[in-house]
Amino acid sequence: MSDKTVFVTVGTTKFDDLITTVLSRAVLEALSARGYKHLILQIGNSDLKPDCTARYGFRKIETFGLSPSIGECASDKSTDIANFIDKIMGFR
């Protein structure tokens with residue numbers, strides 16, 4: 001069975017708070033507990049240099065900036081973070 005993937009995209013915007021939150025221990029552990037082991041972060045125009053060290057149950061964490069086509073990164077095996085973070089952190 002392949003690892004479940006979370007794909008976070010901010011488009012062309014600069015949304016550092018989202019990236020920082022997703023990389024927090026609490027979020028990574030909550031996602032890992034639900035079987036997610038691979039995180040892809042599209043960080044847009046951010047100046048952040050996220051730590052991509054595997055940790056808190058994640059086997060792979062990777063980032064990229066802008067891309068002409070991000071569709072190839074998303075697949076039916078990935079989960080977009082849009083509403084998911086609210087659910088796992090108890091905001092809903």
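In this text the structure is predicted, and so the values were computed from the model without any measurement. The analysis underlying the following values was restricted to heavy atoms, covering all of them including side chains, and did not include hydrogens, waters or symmetry mates.
- Here the shortest heavy-atom pairing between Gly57 and Ser32 reads CA-OG, 3.3 Å.
- A distance of 10.5 Å separates CG of Leu18 from OG of Ser46, quoted to the nearest 0.5 Å.
- Note: Lys60 NZ to Thr5 OG1 = 9.0 Å, rounded to the nearest 0.5 Å.
- A heavy-atom distance below 4.5 Å is found between the side chains of Asn45 and Leu66.
- Across Lys4 and Arg34, no two heavy atoms sit closer than the pair NZ-O, 3.0 Å.
- Residue pairs that meet the salt bridge (charged side-chain N to carboxylate O under 4.0 Å, His left out) test with at least one member in residues 14-28, sequence neighbours left out, are Lys14-Asp47, Arg25-Glu29.
- Among Thr21, Thr20, Val6, the one residue that satisfies the side-chain contact (heavy atoms from CB on, under 4.5 Å) test with Val27 is Thr21.
- Here the CG atom belonging to Leu48 is positioned 12.0 Å from the CZ atom belonging to Phe15, to the nearest 0.5 angstrom.
- The CD1 atom of Ile61 lies 5.0 Å from the CG atom of Leu28; values are rounded to the nearest 0.5 Å.
- Rounded to the nearest 0.5 angstrom, Phe7 CZ and His38 NE2 are separated by 10.5 Å.
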- request: Starting from the C-alpha separation in whole Å, work towards a yes-or-no answer on side chain to side chain contact (heavy atoms under 4.5 Å, CB included) for Phe58 and Leu31.
  value: CA-CA 9 Å; Phe58 273 77; Leu31 289 167; 3.7 Å; yes
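- A 4.5 Å side-chain heavy-atom check between Ile40 and Val8 finds every atom pair outside the cut-off.
- Here CG of Leu39 is found 8.0 Å from SG of Cys52. Values are rounded to the nearest 0.5 Å.
- Annotation for Gln42 and Val10: closest pair OE1-N, 3.0 Å, computed over non-hydrogen atoms.
- A donor-acceptor contact shorter than 3.5 Å links the side chain of Arg55 to the backbone of Asp51.
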